[in-house]
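I have placed the structure first, in the form of structure tokens, so that the comments after it can refer back to it.
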Amino acid sequence: MLECRNLVKRFNAGTPDEVTLFNGFSFSAEPGEFVSIIGSNGSGKTTLLNLVCGSLPLDGGTIAFGGRDITRLSEHKRAVFIGRGFQDPQK
């Protein structure tokens, strides 16, 4: 199971351009469950994936996978159990 609890993500924190994308966002997916995340451009779909995969750091909250807290694991350590396919095949 993937469980995201109370995620917080801000960009340009402490500046006049600060944007809070997630502020206490929670989400979970059970084993075998198929989930689609849809939204307009800039709504946070890719940022959520980057947070789960470890490409971006969280400003708050926790991420657990299979009951294990992975919030502070590096991206390469998460890659052992989280796969990702990019739209751009050169990535």
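Given the structure is predicted, the values throughout are model-derived calculations rather than measurements.
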Nearest-0.5 Å distance, CD1 of residue I63 to SG of residue C4:
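Reported value, rounded in 0.5 Å steps: 5.0 Å.
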Supply the atom-to-atom distance S55 OG to R78 CZ, rounded to the nearest 0.5 angstrom.
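Here the rounded value is 8.5 Å.
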Do [X] side-chain atoms and [Y] backbone N/O form a donor-acceptor pair below 3.5 Å?
| X | Y | answer |
| --- | --- | --- |
| K9 | L51 | no |
| S28 | L2 | no |
| R10 | E18 | no |

Could you go step by step and tell me if N6 and F25 meet the side chain to side chain contact (heavy atoms under 4.5 Å, CB included) rule?
CA-CA 5 Å; N6 300 313; F25 176 77; over 6 Å; no
Would you say [Y] ends up clustered with [X] if hydrophobic residues are merged whenever their side chains have heavy atoms under 4.5 Å apart, either directly or through other cluster members?
| X | Y | value |
| --- | --- | --- |
| M1 | L48 | no |
| L73 | L49 | no |
| V19 | L56 | no |

Can you confirm whether [X] sits close enough to [Y] that some side-chain heavy atom of one is under 4.5 Å from a side-chain heavy atom of the other?
| X | Y | result |
| --- | --- | --- |
| I70 | T62 | no |
| E3 | D69 | no |
| L7 | F27 | no |

With a 4.0 Å cut-off, would you call E75 and K77 a salt bridge?
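Salt bridge between E75 and K77, a charged N being under 4.0 Å from a carboxylate O: no.
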Quick check on R72: does its CZ atom have over 12 non-hydrogen neighbours (other residues, nucleotides or ligands) under 6.0 Å away?
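Counting other residues, nucleotides and ligands, CZ of R72 stays at 12 neighbours or fewer.
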Evaluate side chain to side chain contact (heavy atoms under 4.5 Å, CB included) for F22 paired with T47, printing each intermediate quantity in order.
CA-CA 9 Å; F22 296 119; T47 299; 4.0 Å; yes
For a quick test of reading the model, state the closest non-hydrogen atom pair linking L21 to S43 and the distance between them.
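That would be CD1-O, 3.9 Å.
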Trace of the side-chain hydrogen bond (donor to acceptor under 3.5 Å, both in side chains) decision for D17 with T15
CA-CA 5 Å; D17 295 325; T15 73; 4.9 Å; no
